[in-house]
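Protein chains get the first letters and strands the later ones, always in sequence-line order, with residue 1 at the start of each. No hydrogens, no waters, no symmetry mates; every other heavy atom, side chains included, goes into these values.
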4 protein chains.
Amino acid sequence: MSSTGRQRRRGDTRQRIQDVALELFAEQGYEKTSLREIAERLEVTKAALYYHFKTKEDILTSIFDDLTRPIDELIVWGGEQPRTLETKRAILTRYSEILTEAAPLFRFMQENQATMRDLKTGESFKDRMLQLLEILNHDDPSTPMTAQVRCFSALFTMHGGMFVLKGADGDPEEKRKAILEVAIDLVTQAHNGV
Amino acid sequence: MSSTGRQRRRGDTRQRIQDVALELFAEQGYEKTSLREIAERLEVTKAALYYHFKTKEDILTSIFDDLTRPIDELIVWGGEQPRTLETKRAILTRYSEILTEAAPLFRFMQENQATMRDLKTGESFKDRMLQLLEILNHDDPSTPMTAQVRCFSALFTMHGGMFVLKGADGDPEEKRKAILEVAIDLVTQAHNGV
Amino acid sequence: MSSTGRQRRRGDTRQRIQDVALELFAEQGYEKTSLREIAERLEVTKAALYYHFKTKEDILTSIFDDLTRPIDELIVWGGEQPRTLETKRAILTRYSEILTEAAPLFRFMQENQATMRDLKTGESFKDRMLQLLEILNHDDPSTPMTAQVRCFSALFTMHGGMFVLKGADGDPEEKRKAILEVAIDLVTQAHNGV
Amino acid sequence: MSSTGRQRRRGDTRQRIQDVALELFAEQGYEKTSLREIAERLEVTKAALYYHFKTKEDILTSIFDDLTRPIDELIVWGGEQPRTLETKRAILTRYSEILTEAAPLFRFMQENQATMRDLKTGESFKDRMLQLLEILNHDDPSTPMTAQVRCFSALFTMHGGMFVLKGADGDPEEKRKAILEVAIDLVTQAHNGV
DNA sequence: CATGAATGAGTCTTCATTCAT
DNA sequence: CATGAATGAAGACTCATTCAT
């Protein structure tokens with residue numbers, strides 16, 4: 001109600017919608033979060049949401065567009081590097097940072113895979129994952145299947161970290177490093193043909 | 001249409017509801033599957049579902065009760081064994097089989113974590129996972145964090161396999177073995193304090 | 001509220017929905033009639049309407065299916081007769097009766113052509129009209145254009161009658177006969193090649 | 001995109017709104033055309049529409065005011081002439097031209113009668129029609145009812161022409177003449193007391 | 001063992017309209 | 001002359017659930 005609050009808010013409504021939406025989507029899931037809820041928490045009407053976004057899905061998509069850009073850049077960068085172990089290590093390290101920075105988004109994805117599956121955005125995210133896998137994994141048919149599994153496991157473990165990181169005990173940063181270390185280990189073994 | 005079809009169905013309606021429900025839940029997600037849909041596919045009325053189950057959640061719960069019993073048994077068995085590497089290897093092997101047999105259920109869980117979170121059933125499943133982790137992981141505070149991560153990664157990778165197993169190429173059974181091998185590897189390293 | 005009222009209503013809800021819907025559609029137009037309104041007038045909930053009909057359009061369609069059957073029969077009958085003036089006269093006469101019996105429906109159509117245009121039902125009704133025209137009109141390319149216009153005019157005038165019949169003065173039955181007479185006159189002239 | 005395009009548009013926005021609105025109203029119906037749609041097609045904002053017109057209905061009304069003036073003039077002129085057949089013929093002829101020139105408007109009216117009914121504009125248009133009818137029809141109580149019907153039919157047929165004129169085959173101008181001829185015929189018969 | 005009929009609460013979405021700038 | 005931002009009311013539709021029969 002404070003006019004200062006109202007004043008401050010001018011012009012950043014779009015951003016605020018995205019923030020609140022992501023928060024709620026991550027907390028309760030996409031389907032179980034209603035636009036009414038988002039609107040209420042923002043103290044605007046549902047119709048205001050529709051001024052800024054065409055559909056509910058559009059809100060989600062816009063969040064992804066912003067937050068997954070770093071991944072796209074990483075993929076491009078990775079594609080240009082020589083496929084050395086060093087490169088892979090760097091990719092995982094950067095990926096770990098990206099994951100941490102956009103943690104709620106990745107937690108959301110982790111927990112709403114069923115929803116993601118029939119969103120256009122979900123499909124395109126899956127594509128990105130596959131591209132990352134390819135870079136880590138060389139598409140060499142002689143690569144043993146276990147090596148492929150290790151690469152996939154590395155990525156998957158990092159994602160899963162989000163889920164476990166919320167489980168209380170232990171310093172989050174320390175955890176993150178442990179996860180990264182294991183992931184690098186896995187990819188290293190794969191790189192060495194194991 | 002054949003009266004034999006109808007005849008055969010007598011009495012096993014409860015089971016049929018569970019089967020169809022799991023199929024649809026796994027395919028489309030829990031929230032996006034309506035009771036109307038389930039009823040239609042079974043060619044009964046929605047009210048009939050309520051004759052067999054008290055609520056929608058109850059259907060899901062009943063499916064879990066049936067399909068997660070093997071895990072409970074595994075946990076009990078695991079708890080009684082000496083915590084040797086051999087035991088852990090056996091646990092992972094049996095777990096892999098359980099996962100394969102009840103693949104749709106685990107695919108469902110994997111993709112509907114947000115939903116699981118606020119179902120009683122979900123909570124209790126998570127507990128089971130933690131118990132499994134404990135067995136793999138000794139609760140020794142001197143265990144390095146990376147070892148804990150490796151154990152978690154092993155379990156998580158096996159679950160994730162469901163997701164990747166659907167991706168076409170390669171013999172599923174071969175894939176399953178590769179995943180199991182990597183998981184055992186991870187736990188072995190953890191067991192050795194890495 | 002009277003339990004008699006409720007009792008009586010059992011089982012005929014579907015019919016009652018159609019009746020009230022047609023009444024309101026004719027009175028206010030299709031778009032301007034909301035399901036809430038229909039439900040309220042029936043003292044049931046909106047959801048009840050959806051138990052009996054899949055969509056709003058479905059309600060309208062079902063009304064048409066019932067009320068336009070006589071026209072289909074007329075077309076079939078007309079198609080089997082020799083294309084004499086006598087036949088045409090009979091068609092117009094029967095058509096006039098059909099129009100009178102289902103007056104609200106035809107009034108609705110007359111006044112909601114824009115709506116009809118993008119309903120499947122509308123399209124199929126238009127087809128029926130064209131078939132009637134063909135019967136009245138022989139598809140002979142040598143027929144002068146004015147003759148074609150006269151046939152169309154005959155049909156159109158009868159439809160328009162609905163609109164004018166509501167205008168107060170004069171006995172409705174007398175009006176109807178006058179309209180029919182003019183229509184027959186028009187078709188007669190057309191039949192004679194004028 | 002060209003700044004010339006923008007430049008040219010200066011000042012005639014009001015007119016452009018009317019044009020686009022009529023186009024869309026005729027194409028989709030009044031209720032199914034939203035101000036958003038109109039604004040989008042004009043590449044202005046909805047608020048801009050409100051700068052030029054007070055309400056949605058106001059847009060429609062303004063279109064009518066412009067396009068029905070010729071009818072008013074025709075009525076005035078007709079009222080001053082002697083009620084000879086010659087006059088009536090002239091009225092129909094001019095009316096046919098008016099109809100052709102403002103075809104989209106009349107098509108709109110034809111197809112949106114339900115909407116017209118509760119617009120002030122609609123009422124006043126109906127009045128005009130009745131005035132025209134009176135002129136064609138003398139208000140003589142001894143006039144047989146069929147004569148009245150014929151006059152009404154003449155007018156109605158001309159309106160209906162719009163609807164049929166869109167149906168492809170045949171030269172539109174030729175059709176128009178045929179329709180006019182039939183209309184004159186009808187009024188002639190009425191004039192002769194038939 | 002099951003259905004037919006219905007409900008209440010809620011979903012996403014669209015609309016005409018307003019007003020400060 | 002026009003826009004950006006928002007609102008209140010309403011719309012069609014869906015869902016889990018209930019209960020008399």
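Summarising the geometry, the separation between CZ on A:R16 and P on F:dG4 is reported as 20 Å, rounded to the nearest angstrom. Whole-Å rounding puts the D:K46 NZ to E:dT17 C1' distance at 9 Å. Taking atom CG on D:L42 and atom P on F:dA2, their separation rounds to 11 Å, with Å as the unit. If you measure from atom CD of B:E43 to atom C1' of E:dC1, you get 17 Å, rounded to the nearest angstrom.
Of the residues in residues 21-39 of chain A, not one comes within less than 4.0 Å of DNA chain F through any heavy atom. Contacts of residues 47-55 of chain C with DNA chain E (heavy atom under 4.0 Å): C:A47, C:A48, C:Y51, C:H52.
Taking the side chain to side chain contact (heavy atoms under 4.5 Å, CB included) definition, one finds that B:T55 meets it with B:E57, B:D58, sequence neighbours left out. Remark: D:R41 pairs with D:E23 by the side-chain hydrogen bond (donor to acceptor under 3.5 Å, both in side chains) rule, at least two apart or across chains. B:D65 meets the salt bridge (charged side-chain N to carboxylate O under 4.0 Å, His left out) test with no other residue; sequence neighbours excluded. Listed by chain and number, the residues in a side chain to side chain contact (heavy atoms under 4.5 Å, CB included) with C:Q110 are C:Q113, C:H159, D:Q110, D:Q113, D:F156 (sequence neighbours excluded). Taking B:K32 as the reference, A:E31, A:D118 meet the salt bridge (charged side-chain N to carboxylate O under 4.0 Å, His left out) condition, with sequence neighbours excluded. In this structure, the side chain to side chain contact (heavy atoms under 4.5 Å, CB included) partners of C:S62, at least two apart in sequence or on a different chain, are C:R14, C:Q18, C:F53. By the side chain to side chain contact (heavy atoms under 4.5 Å, CB included) test, D:E40 is found to be paired with D:R36, residues two or more places apart in sequence or in another chain being considered. Take D:F64 and apply the ring pair (Phe, Tyr, Trp, His ring centres under 6.0 Å) test, not counting sequence neighbours, and it matches no residue.
With hydrogens and angles ignored, the 3.5 Å screen pairs a side-chain donor or acceptor of A:N112 with a backbone N or O of A:Y30.
DNA chain F contains the following stems of three or more consecutive Watson-Crick or G-U pairs, with both distances under 3.5 Å: E:2-21 with F:2-21.
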Show me, pair by pair, the donor-acceptor contacts under 3.5 angstrom made by side chains of residues 44-51 of chain D, not counting sequence neighbours?
none

